[in-house]
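In what follows, a structure is listed as structure tokens, so that the remarks can point back to it.
Order of listing sets the numbers, starting from 1, for every ligand and every atom in it. Both backbone and side-chain heavy atoms feed into the values below; hydrogens, waters and symmetry mates do not.
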Amino acid sequence: MSNCAIVGINWGDEGKGRMVDLFTESYDVVVRYQGGGNAGHTVINDKGKFALHLLPSGIFRDGVVNILGNGVALDLESLWKEIEDITGKGVSITSDNLKISDRASLLFPWHKDLDELEELRLKDKKYGSTKQGIAPFYSDKYQKKTILAGELFYPEALKEHLKDITEWKNLTLTKVYGAKPYTEKDIYDWLETYAEKIKPFICDTGEFLKAASASGKKILFEAQLGSLRDLDYGIHPYTTSSNTTAAYAPIGSGFPGAKIDNVVGVVKAYSTCVGEGPFVSEMFGDEADKLREAGLEYGAKTGRPRRVGAMDIVATSYGIEVQAATEIALTKLDVLSYMKKIPVCTSYIVGEKEVTRFPFPALLNKAKPVIKYLDGWECDITGVRKWEDLPKAARDYVLFLEDSLSCKIKYISVGPERESIIVK
Ligand code: GDP
């Protein structure tokens, strides 16, 4: 195995961060290639417990170089706070182990304002945004109205560019939303404060990756969120505003010629979904509360209770296809240990028809889950480290999923700690 991408198969929060942290043992470089500080990867290892938002999850491993590629939304203020938080807990972050692409676009405070203003305008039709400015940021990127990180090294040209963008942005803030405009000074001062702190990390990461690859270094690509939130392939419009798929990794990392040999799709042993939108296998009431508590399903970034549901074979098969996953890491199997019978959604009823192919987004609200129940194992499995030591019912559950999903489940996690893993 040389280059590898670790991606989410469902709605996000599958446990990608903990898998990246584990995999870094065998990799030299970790690249975050899309999304922004709206991620919440929880990682527990020998250095402590951490919630990462934008920093790649390889940051804890000595000798690993971490890269924020051109595809990310670079919020200088939040990133600096995150760096201070992580270094404050004893983890070293220097320009040797963190490099930021000079082609990454900057996320400004107005992106967060606009995110909030638009959710307020939408009222009960809101998208359930984390309000980190991600959608307004990517819209601006496509309109070519962003500043690139590398521009921070050219102050004169930067001032002029920022002036033009502020003028344009203020039109939307004031005329569309009736909000307060930014002065050129406000925004320049904000930028200067954080630019000085982040500048030492900014470089041509494309050149670095190409050279690393040529010298035989192994690269791990880290995604945020999951297939069903992909801008092109997800549940439109309840997606994020970037491509969460492995196919985007070469583009968003700064190494368009990268070859990805292995795509590890991270799948939770049940389903969770943060925010709005159709969620066919959703559970409600007591059944949902029990699962939410067992899995501690509250957002790392927002603290919002996550919606929970049964493992969804229809959505997961689609997620695997979209990611072209070569193998699966199944996480949080231990959470199901309290269940006597484990529900699995094996197909949907849409109208009169039973379907196993994930429907077009507009049909999802009409889809009803077909649930099959498998036997639970009803004992603690958090100490298990070998496949053959899992109770038979747990192995049967995993084998049933493997067979239904037609993809090898190679890794099974039974606790949040780095070592709570079974390699099958
Ligand atoms: P990510 O964004 O995909 O990295 O996932 P999150 O970090 O948002 O959510 C995964 C949560 O599950 C985190 O709180 C992890 O510590 C936790 N977790 C990961 N794997 C396991 C596991 O096997 N068992 C249990 N009980 N918790 C896990």
What do the steps show when you test Ser227 against Asn10 for side chain to side chain donor-acceptor pair (under 3.5 Å), and what is the final call? CA-CA 5 Å; Ser227 310; Asn10 303 99; over 6 Å; no

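Phe221 and Tyr33 have perpendicular rings, their planes meeting at more than 60° on a 0 to 90° scale where under 30° would count as parallel.
Checking only distances, Gly17 does come within under 3.5 Å of ligand 1, N or O to N or O. Considering backbone and side-chain N/O of Gly15, one or more are found under 3.5 Å from N/O of ligand 1. For ligand 1, the polar-atom distance check finds no N/O of Thr331 at less than 3.5 Å from any of the ligand's N/O atoms.
Of the listed residues (Lys49, Glu222, Lys332, Arg18), the one carrying the non-hydrogen atom nearest atom 17 (C) of ligand 1 is Lys332.
In this structure, Lys218 satisfies the cation-pi test against Tyr27, with its NZ or CZ atom closer than 6.0 Å to the six-membered ring centre and inside 45 degrees of the ring normal.
The Val335 neighbourhood of ligand 1 comprises atoms 26 (N), with distances under 4.0 Å to a heavy atom of that residue. Near Ser413, with a cut-off below 4.0 Å to any heavy atom, the atoms of ligand 1 are 20 (N), 21 (C), 22 (C), 23 (O).
Between Tyr411 and Phe23, the ring center distance clears the sub-6.0 Å criterion. Here the two rings, on Phe108 and Trp190, have centers that are under 6.0 Å apart.
Using a 4.0 Å cut-off between a side-chain N of Lys or Arg and a carboxylate O of Asp or Glu, Lys199 and Glu196 qualify as a salt bridge.
Within the 4.0 Å heavy-atom shell around ligand 1 one does not find Glu297. Using a 4.0 angstrom heavy-atom cutoff, Gly415 counts as in contact with ligand 1.
If you look at Thr42 next to ligand 1, the close heavy atoms, those under 4.0 Å, come from the backbone and the side chain alike.
Interatomic distance, Ile86 CD1 to Leu98 CG, rounded to the nearest 0.5 Å: 11.5 Å.
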